[in-house]
Structure formats: C-alpha cells, structure tokens
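Treat the numbers as computed from the prediction; the structure is a model and nothing was measured. Order of the sequence lines fixes the chain letters, A, B, ..., with proteins taken first and strands second; residue numbering starts at 1 for each chain.
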Amino acid sequence: MTTKPARTRLAPSPTGRFHLANARNALYSYLLARQTGGQFILRIEDTDQKRFVPGAEEVIVRSLDWLGISPSESPFHGGIYGPYRQTERREIYLQHAQLLVNGGHAYPCFCTSERLNQMRKEQEARKVDRVRYDGTCRLLDPDDAARRIAGGEKYVIRFKMPYEGTTTAHDHVRGDIVIENKYLDDYVLLKSDGLPTYHLAAIVDDHEMKITHVLRSAEWLPTFPLHVQIVRAFGWDEPVWVHPSIMLKPSGKGKMSKRDTAAAMKDGHSIFIDDLNELGYLPEGVLNWIAFMGWGVAEDDVMTLDQMVERFSIDSLTPSPAAINFQKLDHFNGTHIRLLTTEDLAARIKPYLTGAGLDVPHETLLKVTPLIRERLVTLDDSLAFATFFFKDTVEPNPEDLIAKGLDAKQSAEIARRSHEILASLPDISHQTAEPPMREYVERSGYNANQVFGIVRVAVTGQRVSPPLFESMEIIGRENVLERLRNAAQMLEKM
RNA sequence: GCCCCCAUCGUCUAGUGGACUAGGACGCAGCCCUUUCAAGGCUACGACCGGGGUUCGAAUCCCCGUGGGGGCACCA
C-alpha cells in the first residue's frame, strides 16, 4: 500500500470506564497509524464538566499501555498539537465559533432551557416528525445580539442548519449516507458556559490536529451529516470517516447495560479493560478477540499485534452490529497463553499466586509452568492448578480419597502400597517412579484410574490436577511420602 | 412516533454475477490420544430473512416488505 502517513485519534470522554468499544477504536486507529508510518494520538474530550470522573483519564492511558497500543501524543505524552485536553482549548473553540458566526453559519441564541422545554412540549403535542429548535434567535439582528452579549446575557452558539435540501456524508464503511436537512437541527455548538459541545470541539480538534482518519463508533452516524456540514462551513477538507459497527450484548439484543456487565462479571468476563487485566486475561488475547469484532477476515486465526499491523485494512471493516462473544475471548486467551515462553508465562502467573498469599520460589514456578500451561484459560486459573505445589500440606476431601468402585479399606491399602513403593525408590523423578507404579497397577488388579486417582487426591489434594508423576517430582519425595501417609491414615479411620 | 444504519451457520465472519455441493473461526456433538482435567488431531451438525424484479445466470445488483440495531440534549 502506498498510502501516506495517517494521523488517527482516540477521543474518549473521561466520564466512565474504558471498555471494549473504546479499545477497539483505539486498536484500529493504532493499526492504521503504525501501518502507514503515521501517529496515533489520544485526546481527552472533557467538555462536559458535570460528567467528569476523576481518575478516568489515568484508566484510559493505563488500559492503552496495558494493551500495548499507547498513543504517541496525549495529555500525558505531550506533542506539538497540544493541549490534548479539550478544557484546555477553550479559546480555540471560541474563536472558531466566532468564525462560523461571522461566516453566517452559526448564530447566538438566548433562549432559556425553560423556553426550550416548553417549545419541545408543544411540538410533541403537535406530533411533528422531528422536534427541532424553532429558530427564534436565528432572526435576531446581529447588532442587537452583540449588544445583549456585551450586556452579559447568557447565550449559546447554534449551527444554522438549512431548512431544506439534503446532506450527503461519506462513511468509508457504509458509503454515502443521505439525510434531509429538515430532520437535522440547529445544534448547539458552544454552550453557555463557554465550552463547546462535542460537535464543535471534535471537528475543530480533528482539523487542528491534522487527523486524516476519524475512527469512531457507529453511534455517531445520526449526527454524522452535521459534522460534515460543520467541516464544510469552515471550508476545510474532510478526513476519511470510518464508523466501525456497534457492539451488542452477547444475546445480540441491544447494547451492554449495567445489568449485562454485572452478569458478565459473575461469569468471569467483562467489557472493561482494567477488569480483563485483573481477571487474568492477556493483552494479546484481548487484542486478538477485539480485532475480529467488526473486522472481516477470511481465515481468522491467532494474530499478534505485528501481524495485525500487517494485515489490517479499513476496507474490510464490517457495517453490521456484532454481538460480543466471551467464549471467543477465552479461546483466544488460552491460545495466546500457550504461545508464551515458559519464562514469560511464569512471570505473568506469579502475581496471581503470590497475590493469594503463596510463597512462590521462582525455580519451582519455572518447573510448574509447563505442566499447567495448556490447562489455563486465564492466568488466574493457575490458582486452581498450581496451589498445591506451593503449600506444605494439602487437605484432601476424604470422600475424594475413595476411588470409584472401591471402599475406604481398599483405598487405604492402595495409598499404603503406593507409599511403600515410592519410599523404596532411590528418587521420585517421573522416570523412576512411573514404571513401578504401573507395575503395581497390573499386579493389584485395580485399574490405573483407581490407583492414580487416589495418589492424585492424596498428593495434590484435588481430583483434577496436572500430570501426576511430573507433579510429584516437583513436590519432592519427602512431601509426597508424607501426603500419602496422611491420606492412608485418613482412610483407615473411615 | 420520526430519522439513520444493518441483514450469510447459535455467534463472529469470507463471499463483490458463473470457480458455491456457500469457506473459516468460536461454540456444540462424536471419535482418537489419555492416570484426572486440559491441550492436540479427526469427523459430524449447522446459514444466504421473505417477495418481486434485472440477467443466459444472483448470496452477490435494484425495489418493496419484514426483522434487528442505533439516534432523536447547553452528553459524548
């Protein structure tokens, strides 16, 4: 591809959590920028001070960093097109709003919210197709308006939307979108607090920051023609507009709600990036999962970030809404876990183990890791599979100690015998331990399931574990023997 | 209610008029491997929303239905 460097942006508001849709827009933006040798930047859209959530900006940056798709310009990274926080750009919007007013594309409006509410009520009563600003202040004499502003009267700046005609906006994913202007409105561009609304701020910033491709969620489609009109009113060139599909809840019925996110969390899943991190997901897995939600690839498969950079194209983005599929997340996560080197995986597992209060010697962890690797879906699954390696004793459930089809007495015998056999061995490596144990299975008349099952529960404290003999080798001779003794005693008392 | 968008297996998707007996992935089922659980391998099941056109020929183009989604703020 011989495209010129793309400048892309992620422009979230610091009003809540950083979720899947944010991450996916960020990913695609990042991919496009890196692929073309351009820049991916982060701009904070904090013009709604009422909804501002302290700390939200940090979560955004942390999430991006964790995913490995950090911006090169942002309030935190700096950059020559800053400031990257909209509240710090007031003057710029003020000037641009004035430009629009001077050009006859916008006008000051003094209508109070009370009047607006009443107006809306009346229009609804009349059952108009589209409730829309009635244009009262459009007719104001400019000098008059200027005097009222000078007099300190509160006002907003509204866009002067044509009452007739149509607007055609071109979305790269969907093609031309045509709408009759009468269904649009005289949107407020500058609020009475002097801060811009999204419509003005985003358009001005994207231009000022030399953004070439605007990637944003399809929720913006309804006001997309407005944005195009604003760009044209300024006389600027349009960026390439790209609206990836909306993400739906797993059932496919609507967007994720509070309820849905809570339900997902109960299931060990989440749409929030910081949650995913804590839940034990890998950034690689999350990225791979997100990548395919709205990006149509013929043979989708595991992909690394670098491979995505290579293969990504805004031409293959899909327009239809996509249901979130957490099972696929699990699949990709497991796959990426298996792709990690032992050292890497061990390092990532460790916090989950130590976090549970376990003392985790690194050498032991390195031996354990290959044993549990293909059993992990998330990193915290390591707790279920590896805890017994790092404890001095285990407390098996007595009932689990009794093998299927046998009674306590027989099971005790097996435990005792196994102890004897293992105790007689020079070492307990799986190479030396397995043959005599298998021989015992043959001779005893019990089956492998029964014998190894008892030993497994005795030694690991659980019915499900990594491979028995390899595990015993790591646990160590003395420890294994003791656990077997305890189990035999337990069984004999039953 | 109005506007906009969308429509291929349960889900994510490939498909840009003939190469489609419609391909892949997840999930699901079965088999193999196996001391448990996984992982892995193999196999099966499984879709072009409906109706009209256009065309020699339509999953692919057009129209109308229907269904789903999104949006109708001095929020983004």
Distance alone, cut at 3.5 Å: any donor-acceptor contact between the side chains of [X] and [Y]?
X      : Y      : result
A/N25  : A/S217 : yes
A/Y84  : A/D205 : no
A/R138 : A/Y163 : yes

My understanding is that a pair needs two contacts under 3.5 Å, Watson-Crick or G-U wobble. By that rule, which nucleotide pairs with B/C26? B/G10

Base-pairing mate for B/C20 - Watson-Crick or G-U, with both contacts under 3.5 Å: none

Any residue in residues 167-174 of chain A with a heavy atom nearer than 4.0 angstrom to RNA chain B? Just list them by number, or reply none. A/R174

Return the 5'-most residue of the pair A/H331, A/R456 with respect to RNA chain B, ranking by each residue's nearest nucleotide. A/H331

So OG1 of A/T261 and CE of A/M256: to nearest 0.5 Å the spacing works out to 6.0 Å

For [X], report the nucleic acid contact type (base, sugar-phosphate, nothing); a contact means any heavy atom under 4.0 Å.
X      : result
A/V156 : base
A/F469 : base
A/L468 : base
A/R463 : base
A/A448 : sugar-phosphate
A/S192 : base

Is [X] reaching over with its side chain to a backbone N or O of [Y], donor-acceptor style, under 3.5 angstrom?
X      : Y      : result
A/Y28  : A/S313 : no
A/Q123 : A/R132 : yes
A/T197 : A/V188 : yes
A/H331 : A/Q327 : no
A/S13  : A/T15  : no

Distance, rounded to the nearest Å, where [X] contributes [atom1] and [N] contributes [atom2]:
X      : N     : atom1 : atom2 : answer
A/L190 : B/A76 : CG    : C1'   : 16 Å
A/K255 : B/C5  : NZ    : P     : 18 Å
A/F18  : B/A76 : CZ    : P     : 19 Å

Please tabulate the protein-to-nucleotide N/O contacts below 3.5 Å involving nucleotides 9-12 of chain B, giving atom names and distances.
residue : atom : partner : partner atom : Å
B/C12   : OP1  : A/A323  : N            : 3.1
B/C12   : O2'  : A/F292  : O            : 2.8
B/C12   : O2   : A/K328  : NZ           : 3.4

Do the side chain of A/T197 and the base of B/C74 come within less than 3.5 angstrom through a donor-acceptor pair of N or O atoms? no

Do the side chain of A/R130 and the base of B/C3 come within less than 3.5 angstrom through a donor-acceptor pair of N or O atoms? no

Using only side-chain N and O atoms of [X], determine if any of them is under 4.0 Å from OP1 or OP2 of [N].
X      : N     : result
A/T47  : B/A76 : yes
A/K191 : B/C75 : yes
A/K253 : B/G69 : no

Carboxylate-amine/guanidinium proximity below 4.0 Å for A/R375 and A/D381: no

